[in-house]
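First comes the structure, then the notes that go with it.
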Amino acid sequence: MNTLLAVDGSDNAYEAVHALKYLARSEQLTLLHALNVPRPAYPMMLPEVAEEIYKTLEQSMREEGERLLNRVQSLLPMHAGPSTKHLRMGSPAETIVSMAEEQKADLIVMGARGLGPVKERLLGSVSHRILTLAHCATLIVNGPVKSMKQILLPLQGPSDAEAAIRFLQLKPFHDAVEFTLLTVLPSTEPPWPGNAAAAAASTEILEKQAESIESVAERLRAIGYQAHGVAVVGTPSTMILQEATTLRSDLILMGTRGRQGITRFVLGSVSHAVLHKTPCPVLAFH
């Protein structure tokens, strides 16, 4: 598995470095710091002066970026795998996605918050764009990672299940993990109170969902994972967050719709609630 670790010097970026402890050894680990040097914003300034200020700032940021990459490399887990350091100029999101494609990365690892005068929210613009644009899985680390054993895997339909199995066949985790596969059946009110037929139909649908999710769990067990399925009724985002909290999940592993520009979880209302309120890191796969 090829991994790209994107760092910006924030606290969560260092937590992302620590999270590598729980991931499998990389065949190639790419350390990337994207350097976005601001241009002087004074229209009355002489061009020569503005250029000199820009060059001075760029040099200072390059030197700090090199120190950051050296620091990160020194903190890598022993089993992280061979690493290379890269300092690239450009918009962080586009630079990270471009480097991931160049290095044929299977996974991007990064912190949830960025640096700046106003820190990004839990999933700021950089994380959001990467989740939208990246063609590989992305792990967003939102705080200290103390373990990665209990993993919640919400699934919505066969395409999610197939994508999850494809990703997990890469064996991305360093230690044994246990999956709770979750399918959420939206609650629907019967057309009128006491409608026994509607209640029976809802129960039948839930049972079929439970059978379907258990068949996916069987496939995961066949490739060496511990897994069991759970089917519940409720609002998807609420139930995902509730299960993650109840189970004290170390990670939420979530699938995306595809490359049409809108993802099932990552960009929709479900993901907005999950990603901004999640009690643990989120790993989004395609």
Side-chain angles (χ1 to χ4, degrees), residues 1-26 29-36 64-81 83-87 92-93 95-97 99-100 105-131 134 136-152 172-175 177 240-241 244-245 247-254 266 271 274-285:
M1 186 170 74
N2 290 343
T3 304
L4 170 64
L5 174 64
V7 294
D8 61 4
S10 63
D11 290 344
N12 281 333
Y14 283 107
E15 293 298 340
V17 178
H18 177 69
L20 294 178
K21 173 182 178 181
Y22 305 105
L23 300 179
R25 184 180 191 275
S26 298
L29 174 59
T30 302
L31 311 180
L32 173 65
H33 177 55
L35 198 61
N36 195 15
E64 179 55 34
E66 294 290 354
R67 287 193 291 270
L68 170 63
L69 288 169
N70 289 336
R71 209 155 46 234
V72 166
Q73 193 171 46
S74 73
L75 295 172
L76 293 175
M78 293 294 291
H79 74 272
S83 62
T84 57
K85 298 175 294 183
H86 298 264
L87 188 66
T95 301
I96 292 167
V97 171
M99 177 62 81
D106 300 298
L107 176 65
I108 297 171
V109 180
M110 61 181 294
R113 296 180 187 271
L115 293 177
V118 179
K119 288 192 174 182
E120 294 183 86
R121 291 175 59 83
L122 181 57
L123 270 197
S125 58
V126 173
S127 301
H128 193 268
R129 283 188 62 75
I130 291 170
L131 286 169
C136 63
T138 304
L139 171 61
I140 306 294
V141 180
N142 61 345
V145 183
K146 298 179 180 179
S147 179
M148 207 170 281
K149 293 181 180 179
Q150 296 293 330
I151 300 178
L152 180 65
F173 302 104
H174 183 252
D175 299 314
V177 297
I240 292 169
L241 291 167
T245 301
L247 297 171
R248 296 183 179 180
S249 300
D250 301 311
L251 176 73
I252 298 176
L253 186 64
M254 302 174 70
V266 172
S271 85
V274 172
L275 293 168
H276 286 270
K277 297 179 182 178
T278 176
C280 60
V282 172
L283 199 165
F285 60 86

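This one's a predicted model, so the numbers in the text were calculated from it and none came from an experiment.
Qualifying side chain to side chain donor-acceptor pair (under 3.5 Å) partners for E66, counting only residues two or more places apart in sequence or in other chains: none. Every side chain to side chain donor-acceptor pair (under 3.5 Å) that Q150 has, sequence neighbours left out, goes to E178. Residues meeting the salt bridge (charged side-chain N to carboxylate O under 4.0 Å, His left out) test with R248, sequence neighbours left out: none.
Minimum heavy-atom separation, Q73 to S83: NE2-OG, 2.9 Å. Between H174 and L23, the closest heavy-atom pair is CB-O, 3.3 Å. In this structure, L283 and A137 approach most closely via the heavy-atom pair CD2-CB, 3.8 Å. Across all non-hydrogen atoms, the minimal contact from L107 to T138 is CD1-N, 4.0 Å. Here the shortest heavy-atom pairing between E15 and P144 reads OE1-CA, 3.2 Å. Nearest heavy-atom pair across K149 and S147 is CG-OG, 3.4 Å.
Here the straight-line distance linking atom CD1 of I252 with atom CG of N142 works out to 9.0 Å at 0.5 Å rounding. Between the CE atom in M148 and the CG atom in D250 there is a gap of 7.5 Å [rounded to 0.5 Å]. To the nearest 0.5 Å, the span separating SG on C280 from CD1 on I140 amounts to 13.0 Å. Rounded to the nearest 0.5 angstrom, L4 CG and T30 OG1 are separated by 6.0 Å. Put simply, CG on L32 and CG on L29 are 11.0 Å apart, with the number rounded to the nearest 0.5 Å. Note that NZ of K21 is 9.0 Å distant from CG of D175, once rounded to the nearest 0.5 Å.
Judged by distance alone, with hydrogens and angles left aside, the side-chain atoms of Y22 form a donor-acceptor pair with the main-chain N or O of K146 at under 3.5 Å. Judged purely by atom type and a 3.5 angstrom limit, H33 has no side-chain atom pairing as donor or acceptor with the backbone of L87. Panel note: side chain D106, backbone N2; a donor-acceptor pair is recorded below 3.5 Å.
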- Item | Stepwise side-chain contact (heavy atoms from CB on, under 4.5 Å) test for R71 and V7 | CA-CA 11 Å; R71 209 155 46 234; V7 294; over 6 Å; no
- Stepwise side-chain contact (heavy atoms from CB on, under 4.5 Å) check, L68 with Y14: CA-CA 10 Å; L68 170 63; Y14 283 107; 3.4 Å; yes
- Task: Determine, stepwise, if the pair L31 / L76 fulfils side-chain contact (heavy atoms from CB on, under 4.5 Å).
- Result: CA-CA 10 Å; L31 311 180; L76 293 175; 4.2 Å; yes
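None of L131, L139, I130, L5 except one satisfies the side-chain contact (heavy atoms from CB on, under 4.5 Å) rule with I108; the exception is I130.
With 3.5 Å as the limit, one finds a donor-acceptor pair spanning the side chains of D8 and S10.
Atom NZ of K85 has more than 12 neighbouring heavy atoms from other residues, nucleotides or ligands inside a 6.0 Å radius.
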